[in-house]
Structures are given as C-alpha cells and as structure tokens.
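To start, the structure under review is shown below, and the notes come after it.
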Amino acid sequence: MKIEQMLLMVLMILIFLISVLVYVYWLIQRKNKKDNNSVSKIETNGDRKTKNKENNYTKLSISNFMEFDKIEDNMIIQDNGTRYLMVVECEGINYDLMSNVEKTGVEAGFVQFLNTLRHPIQIYTQTRTIKIESSIERYKARLEEIKKDVDKKQKEYLKLKQSYNATQNQIQVALTEFLRVQNMYDYTRDIIANIEAISQNKNVLRKHYYIIVPYYSSEVEVDSLNEDEKKNIIFSELYTRAQSIIRTLFACSMKCRILDSKELAELLYVAYNRDESETFGIDKALEAHYDDLYVTAPDVLDKRINSLNKEIEKKAFQLAQDTINEIKTEKEIVLRRKEQSFDDLIKEMAEALLKENKKYVGKEITEEAIERIKTKEEGGLKNEKKKTTRKTRKTV
C-alpha cells in the first residue's frame, strides 16, 4: 500500500514538472514573436526615414570629396588654403647592382638626408603603365631619318666610286661612313621589332617615386600680409625645402626634380583614375573637357557670325580673282589691237615725227616723205585686197 502511494506521488510530481516546462516554453515563444514584430516595425520605419532622406538629399560638388582644393604655382592647395604641398619626383637606383663602395656612399647619403630633415615629409609610390606605342612611333620616325641618311651616304659613295678624280682613300672613307649608317639603321630596325614583339601581349609597368613636402599657412608668422604675399612666402619656403631635399639626395646618386602644375595634375589624375588613365591620358582628358560637368554648344549667333565671315572671305576672294581676270583680258584685248594695227601705228608715228622735225628736215622733203608713206599704205591695202580676192576665187 505504501509503495502504491509513493508511486502516485512521484507521478503527480512528474506531471507538475512537465506542465511547468510547457508553460515556460510557451512564454518564451510568445516573447520571441513580440521581439520579431518590433524589429520589423523598426525596419519599416527606418526604410521610410531613409526614403524621406533620399527625397530630401542635396547634391554636393565632387570637389568636396577630393583631398585637394586646386593646383596653383606648382603647388597642391588643401583644406581651404591652410595646407600647401610641393612634390619632388625621384628616379630609382638599382642598389643591388652597385659595388660595396657605391652602396656605402648611398647609405651615407641617405643618412645625411635623414639628419638634415627639419620638417615632415611623405613618400608616395605610384605604378604606371608605360605607353609603348608612343615610344615605338618616335623610334619609327627616327628610323625614317636614318633611312634618308643611309640613302644620302650611299649616293655619295657611288658618286665617288664612279668618279675618275676620286682617290682610293676618299672612296674608302665614304664606304666606311655608309656602312656605319647602314649598321645603325639595321640595329634600330631590330630594336623596334623586338620591342613590338615583347610588348604585344604584356603591360610594361614602371614605378614612380615622389617625396611630398607640406607647408601650413599657420607657419607664416606675419599676420599683416595679404593673400598674394602669403602665397609668395609659402612658395619660397616650399621651394627651399624641396631644393634642400634634391641636394641631399644627389649624394645618393639620385636625380630629383620638382613637378610643375601640369605634372601635378597628371599625378592626381592617375591616382583618382587608375583604370581610365591607361586608356585616356591627362592630355586627352583635358582636350575632351573631362574637367567640366557638361559641355555646351557654341551660341547660335556666334555660329552665324562665323559662317558669315567665312562666306564674306570666300566672296571677296572670288571677286578679287574675277577682277584680276578682267584686267588680264582687257590688257590682252589692247595687246591684240596693237598687234593688228602695228603697221598703222608705225606710219602714224613716222608722220608725226616728220611733222615735228619739219623745220630741221625741210618742207619739201617732209611733204615728199609723207606722200611716200601714204602711197606705201595705199599699195599695201591694194595688195591685201588682191590677196583676199584671189583667196575667194580659189575657194569658189
């Protein structure tokens, strides 16, 4: 009897525990559903807020996202004119191919460079693709010049060889010069062919090394200066710092130079457009007005004025040409008339000369000479009439 009561008590306890667990599980599930519903409401409200923000979005200029304001006087201006940068480009050296003495000299020069620094600097490396096409075009242009020189030297050699007055020494010198230029031509042609074959399916890369020298406008201690005077002081200070870096790095056998404004623009263009810069360089970008937000067509009135100017120039040229042709035709007509009345003009001038010199020649001689000239003229006319009648008879 006692065993049965104990089993009944254990069963009731188990049923109570199971009911408690079920109730706890139900509470947990209900709480999870409430949390999910609250999260979904927050997300929908957030989406609405973001949509409202997108609708009220104000467009900003791309210049606000750049890390520089402008490029001026070989300097990059940043932070609304509070920070100025000048960039020094340095050519790399092949340290591994140097001897021990040269390596020691480079290391000593670099230590000197570090010890002379009195201001912060930044070292920047940029990898660019070398445009082999432009180099090949320059080589080909040079090859054409060498080819002309080869032809010239060949003609000189053949001329001396065929000449009887040329000595054997002159012929030998001309042959040596011709062979030298010919070998140069063959060597240049082989170089171009090898470069084209190597760079056919490969990109040739080159690293550029830069040292960026900063200067802050707050370093200018004089406050009474205007903006132009401050810029002049900042430029002179930056130039002095850059030149000191160039002089100290020269001890390391490194050639350095300061970039101008156009080269600074190219540096930033490649930094912000790495993919496009391989296809379109800075020159093509500027020619295509990539620095403008949009390109406007010229004014209609300006186009009309330009077309009228061209039309006026064309009409004026045509009028001048026609006038010249008219003058030429008039002169040709006068020439033809004089050619046709050549004999008559001679006789008229002869009669005039006789009349002017009548007192020197004599009256009787002058009158007789004039009569003879007239008889010659009449005789000539009669002869011409006879010739014309004979021609007409023959034709009939």
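This chain uses plain numbering: 1 for the first residue, then up along the sequence.
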Cationic N near anionic O, under 4.0 Å, Lys148 to Glu145: no
Between Asn309 and Glu313: side-chain donor-acceptor atoms closer than 3.5 Å: no
ILVMFWY network linking Ile211 to Tyr209, side-chain heavy atoms under 4.5 angstrom: no
Phe110 and Phe113 aromatic ring geometry - parallel, tilted or perpendicular at 30°/60° bounds: tilted
Co-membership, hydrophobic cluster, residues Val150 and Val173, 4.5 Å side-chain: no
Non-hydrogen atoms of Ile93 and Met98 that approach each other most closely: CD1-CE, 3.8 Å
Partner residues of Glu89 under the salt bridge (Lys or Arg N to Asp or Glu O under 4.0 Å) criterion, sequence neighbours left out: Arg257
Side chain to side chain, Ile212 and Ile76, heavy atoms closer than 4.5 Å: no
Shortest non-hydrogen contact from Met86 toward Ala242: SD-CB, 4.1 Å
Residue pair Ile258 / Glu263: nearest heavy atoms and the distance that separates them: O-OE1, 4.3 Å
Contact list for residues 129-167, test ring pair (Phe, Tyr, Trp, His ring centres under 6.0 Å), sequence neighbours left out: none
CG/Asn94: more than 12 non-hydrogen atoms of other groups inside 6.0 Å: yes
Ala166 to Leu160 - nearest heavy-atom pair and separation: CB-O, 3.4 Å
Side chains of Gln126 and Tyr124, donor plus acceptor under 3.5 Å: yes
Residue pair Cys90 / Cys256: nearest heavy atoms and the distance that separates them: SG-SG, 3.0 Å
Test log, rule side-chain hydrogen bond (donor to acceptor under 3.5 Å, both in side chains), inputs Glu107 and Tyr95: CA-CA 10 Å; Glu107 292 171 358; Tyr95 183 80; 2.4 Å; yes
Cluster link Val181 to Ile191, ILVMFWY, side chain under 4.5 Å: yes
Under-4.0 Å salt bridge between Glu67 and Arg83: no
Ionic contact status for Asp149 with Lys152, cut-off 4.0 Å: no
Partner set under salt bridge (Lys or Arg N to Asp or Glu O under 4.0 Å) for Lys147, not counting sequence neighbours: Asp151
Closest contact, heavy atoms only, Ala251 versus Gln112: CB-OE1, 4.4 Å
Contact check, side chains of Val220 and Tyr215, non-hydrogen atoms, under 4.5 Å: yes
